[in-house]
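Read the structure below first, then the notes.
Just so we're on the same page: letters track the sequence lines, and every chain starts at 1. Remember, predicted model here, so these are calculated numbers, not experimental data.
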Amino acid sequence: MLRLSTLFVRTLREDPADAEVPGHKLLTRAGYVRRAAPGGFTWLPLGWIVYRNVERIVREEMDAAGFQEVHFPALLPRAPYELTNRWTEYGDGLFRLQDRRGNDFLLAPTHEEMFTLLVKDLYSSYKDLPLVIYQIQTKFRDEARPRAGLLRGREFVMKDSYSFDIDDDGLERSYQRHREAYIKTFDRLGLPHVIVSALSGAMGGSASEEFLVPTDVGEDTFVRCPSCGYAANVEAINIAPPPEQPVDGLPAAQVHDTPDTPTIATLVDLLNARPDLARADGEAWTPAHTLKNVVLTLRNPDGSVELLAVGVPGDRDVDMKRLEAAVYPAEPAPLGEAGFEANPALVKGYIGPEVLGESSASGIRFLVDPRVVTGTSWVTGANQPGRHVVGLVAGRDFTPDGVIDVAEIGAGDACPDCGASVEMARGVEMGHIFQLGRKYAEALGLTVLGPDGKPITVTMGSYGIGVSRAVAALAETTSDEIGLCWPREVAPADIHLVIAGKPGSDAWPAAEQLAADLEASGVRVLLDDRDSVSPGVKFKDAELLGVPTIVVVGKGLADGRIEVKDRRTGERTDVPVAEVADHLRALVAAG
RNA sequence: CGGGGAGUAGCGCAGCCUGGUAGCGCUCCUGCUUUGGGAGCAGGAGGUCGCGGGUUCAAAUCCCGCCUCCCCGACCA
């Protein structure tokens with residue numbers, strides 16, 4: 001039994017100044033966590049109970065799925081990460097340190113290498129597979145900017161599991177087992193979630209899905225189709241290209257003077273103001289009729305830098321996150337003034353396809369949005385200051401080097417599957433299941449002997465759940481204006497029992513007896529037995545702390561009644577004293 | 001990495017412009033009163049004013065440097 005008279009907790013009346021998101025404010029005000037370092041948090045007793053409940057649920061569901069728990073050090077030597085090149089590839093996000101002899105170590109951001117090497121160490125036959133092992137371990141990432149409290153720290157707890165199979169079918173089965181286990185896990189945690197298509201990325205592999213918890217404070221943006229159920233991270237969505245059109249009969253491209261049109265908006269205004277440039281179909285010009293060509297630098301992991309030109313319809317901007325994802329592991333950056341000076345063929349504000357492309361004079365690789373299909377006609381830069389070309393037709397007047405799908409996605413865009421309008425929403429990435437493939441097995445030499453005595457390279461999957469982050473996500477999604485509001489299975493207690501009578505009154509022994517009765521039958525009780533604290537304070541604290549059921553022993557006792565209040569709905573029920581214990585046991589059993 | 005804002009008691013803030021005994025609310029402690037919606041009265045505790053340097057008779061306050069935290073941004077040609 002937890003007693004508020006002795007519990008190590010202090011609730012705050014005011015919001016902490018360094019907290020921004022609602023869940024973080026409440027976790028701090030309710031005395032669940034304290035910030036201890038930039039991106040690092042101390043768990044207080046109530047928070048730690050909730051954390052361990054979340055961890056227990058995750059562990060139980062992993063075990064139920066037949067996965068086996070192991071535990072690696074968080075402090076690892078450099079060598080394994082050198083073998084996969086991640087010592088350097090991970091960049092500034094990796095915490096590196098040295099021991100007293102100057103040997104390099106790291107605080108692990110993930111453990112693919114260690115899992116792979118462990119299996120290589122112990123297993124050598126196809127008969128040993130499939131295998132899934134997991135751990136629940138503190139991870140370290142040197143985030144450039146920790147934010148939103150526990151949601152994005154530099155030290156956090158993650159459950160990561162890895163599957164090992166001899167072929168793609170086996171990998172698919174391991175993947176599906178995780179998918180099902182994750183759905184059960186999130187349902188039990190009481191976390192609303194959306195499964196979205198995610199990037200398989202440059203890591204290879206065919207399938208990747210994220211479990212997102214929808215909330216405005218999430219840092220991932222995803223699209224959802226209300227019509228067919230399609231859902232995808234904006235980084236992973238592939239838009240459906242329009243059909244190609246015949247180029248025959250389209251008017252020839254013409255270059256026009258377009259003074260004072262440094263932006264798309266001014267260009268469109270000018271086009272519409274010029275009768276001689278009226279569109280053949282009689283419609284007004286819109287930004288969607290223009291082709292905007294953005295030149296970027298790409299820095300490769302080996303340090304080399306190349307240029308890339310991206311052509312997108314003028315009504316859309318390049319989405320930086322989608323671009324980063326599309327060119328990973330290279331890092332994109334704007335060209336900048338120096339870049340324009342170094343490439344005189346590029347006329348700022350008037351870049352057109354003629355000077356772009358690997359076979360052009362500039363040699364700059366030129367990739368276009370999927371909407372720029374053969375037969376589409378565009379207004380775009382004429383590579384001279386103050387001039388644009390009208391009627392430049394893809395497939396006739398220019399041929400890009402390829403397609404890149406990095407334009408911004410917006411609400412109302414067509415669903416790639418069914419064509420209906422999609423919705424946009426934000427979410428927190430709570431889980432990620434991912435078919436890794438053979439990248440790590442190849443890099444680290446993980447093979448097993450097959451039935452024919454020949455080595456088979458193992459294929460792997462990796463699957464994560466943010467455990468500490470789940471506590472924050474729960475605080476974010478289940479709380480309200482007055483406080484936290486935990487799902488029962490993760491709550492620090494089942495019953496928050498408030499003694500609202502005067503010290504020395506009947507309420508005290510009655511509440512003590514009820515608490516003891518409940519505890520004896522396995523119901524977890526948080527008893528507010530503080531004297532010299534007014535009932536008002538106790539009620540406010542009960543609402544703030546977020547235990548799902550609040551029981552008040554007070555003035556109703558004179559009539560033989562005890563008040564039972566549902567934290568979420570606020571609904572109050574008066575229950576006769578003789579029945580209240582059974583009533584509460586039934587509530588708890590019902591979840 | 002760029003731009004803003006901030007750092008003064010455990011928490012939230014004022015004071016700084018115009019240099020001169022460091023303040024308010026909450027919390028905490030003592031006593032009395034109070035006990036169904038963040039109580040009242042009285043008394044009290046609690047400070048390296050982020051760090052370092054400088055100017056000055058005198059610096060929370062002015063000047064220089066640094067550190068840290070929070071927010072926004074990171075492309076729009």
Side-chain angles (χ1 to χ4, degrees), chain A residues 9-21 24-25 28-29 31 34-40 91-92 144-149 217 261-267 287 290-299 308-324 326-327 331-337 339-340 343 346-352 355-356 380-381 383 385 388 406-408 482-483 498-505 507-508 528 530-545 550 552-558 562-563 565 570 572:
Chain A
V9 67
R10 179 111 304 145
T11 58
L12 306 177
R13 197 182 294 225
E14 292 166 297
D15 284 336
D18 64 350
E20 193 61 26
V21 301
H24 185 204
K25 287 179 183 172
T28 305
R29 278 189 55 212
R34 301 290 300 174
R35 200 189 76 89
D92 292 333
R145 185 182 154 206
R147 61 185 94 181
V217 303
T261 55
T263 65
I264 298 288
T266 53
L267 173 62
T290 69
L291 181 64
K292 179 164 65 180
N293 300 298
V294 180
V295 181
L296 309 146
T297 61
L298 293 186
R299 176 176 295 274
L308 172 68
V310 175
V312 296
D315 60 332
R316 290 173 192 269
D317 292 324
V318 171
D319 183 311
M320 207 56 189
K321 285 195 169 174
R322 300 191 74 208
L323 176 63
E324 281 174 5
V327 301
E331 291 175 17
L335 183 58
E337 293 297 334
F340 277 101
N343 296 276
L346 302 177
V347 182
K348 192 171 182 180
Y350 301 92
I351 299 171
V355 301
L356 303 172
T380 188
N383 301 302
H388 281 88
V406 295
E408 266 182 359
I482 57 174
V498 171
I499 306 176
K502 297 179 186 180
S505 71
W508 291 74
D528 194 344
R530 293 175 293 179
D531 50 21
S532 70
V533 171
S534 72
V537 172
K538 292 185 176 182
F539 295 146
K540 291 288 186 194
D541 276 346
E543 284 151 357
L544 179 60
L545 294 182
I550 298 169
V552 182
V553 180
K555 66 181 182 187
L557 201 59
I562 285 174
E563 179 182 316
K565 180 176 168 182
R572 302 181 193 197

Per-nucleotide protein contact string for nucleotides 8-16 of chain B, where B marks a base within reach and S marks sugar-phosphate only (heavy atoms under 4.0 Å, - for neither): ---BSS---
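Below the 3.5 angstrom threshold, one finds no donor paired with an acceptor across the side chain of A/Arg530 and the base of B/G38.
Within the 4.0 angstrom heavy-atom criterion, no nucleotide atom of any strand lies near A/Arg322. Heavy atoms of A/Arg35 sit under 4.0 angstrom from primed sugar atoms or phosphate atoms, though from no base atom. No contact: A/Val310 has no heavy atom under 4.0 Å from any strand. Residue A/Lys25 is out of contact with every strand shown, counting any heavy-atom pair closer than 4.0 Å. Contacts of A/Val312 with the nucleic acid, taken as non-hydrogen atoms under 4.0 Å apart, are absent. Looking at heavy-atom distances under 4.0 Å, A/Ser505 makes no contact with the nucleic acid at all. Note on A/Gly556: a base of the nucleic acid sits closer than 4.0 angstrom, heavy atoms only.
Between B/A59 and B/G20, the two C1' atoms lie 10 Å apart (nearest whole Å). Rounded to whole Å, the C1' atom of B/G54 lies 15 Å from the corresponding atom of B/G19. Spacing between B/C17 and B/C63 at atom P, rounded to whole Å, works out to 9 Å. Nucleotides B/U33 and B/C71 are separated by 48 Å at their P atoms, to the nearest Å. Remark: the separation of the C1' atoms in B/C16 and B/U8 is 11 Å, to the nearest Å.
Across the protein-nucleic acid pair, A/Ile562 atom CD1 and B/G36 atom P stand 17 Å apart, rounded to whole Å. Spacing between atom CD1 of A/Ile550 and atom C1' of B/G37 amounts to 12 Å, rounded to whole angstrom units. Computed from coordinates, the A/Arg13 CZ to B/C24 P distance equals 18 Å when rounded to whole Å. Counting to the nearest Å, the C1' atom of B/G36 and the CD atom of A/Glu563 are 9 Å from each other. If you take CZ of A/Arg10 and P of B/U27, they are 10 Å apart, rounded to a whole angstrom. Rounded to whole angstrom, the span from the CG atom of A/Leu544 across to the P atom of B/C26 amounts to 19 Å. A/Lys565 has its NZ atom 12 Å from the P atom of B/G37, to the nearest Å.
Scanning both residues, A/Gly311 and A/Leu291, for their nearest heavy atoms gives C-CD1, 3.8 Å. In this structure, A/Arg34 and A/Thr28 approach most closely via the heavy-atom pair NH1-CG2, 3.9 Å.
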Can you tabulate the close N/O pairs, meaning under 3.5 Å, that link protein atoms to atoms of nucleotides 29-34 of chain B?
none

Polar atom pairs (N or O), protein with nucleotides 40-46 of chain B, under 3.5 Å:
none

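When atom types are taken as modelled, the side chain of A/Arg29 and the backbone of A/Asp15 share no donor-acceptor pair closer than 3.5 angstrom. With hydrogens and angles disregarded, a donor-acceptor distance shorter than 3.5 Å links the side chain of A/Asn383 to the backbone of A/Gly352.
Across all strands shown, nothing is found opposite B/U48 as a Watson-Crick or G-U wobble partner with both distances under 3.5 Å. Judged by Watson-Crick or G-U wobble contacts below 3.5 Å, the nucleotide B/G73 has B/C1 as its partner.
Heavy-atom distances to RNA chain B give each of A/Lys292 and A/Val553 a nearest nucleotide, and the one nearer the 5′ end belongs to A/Val553.
Using a 4.0 Å cut-off between charged side-chain N and carboxylate O, A/Arg316 and A/Glu408 make no salt bridge.
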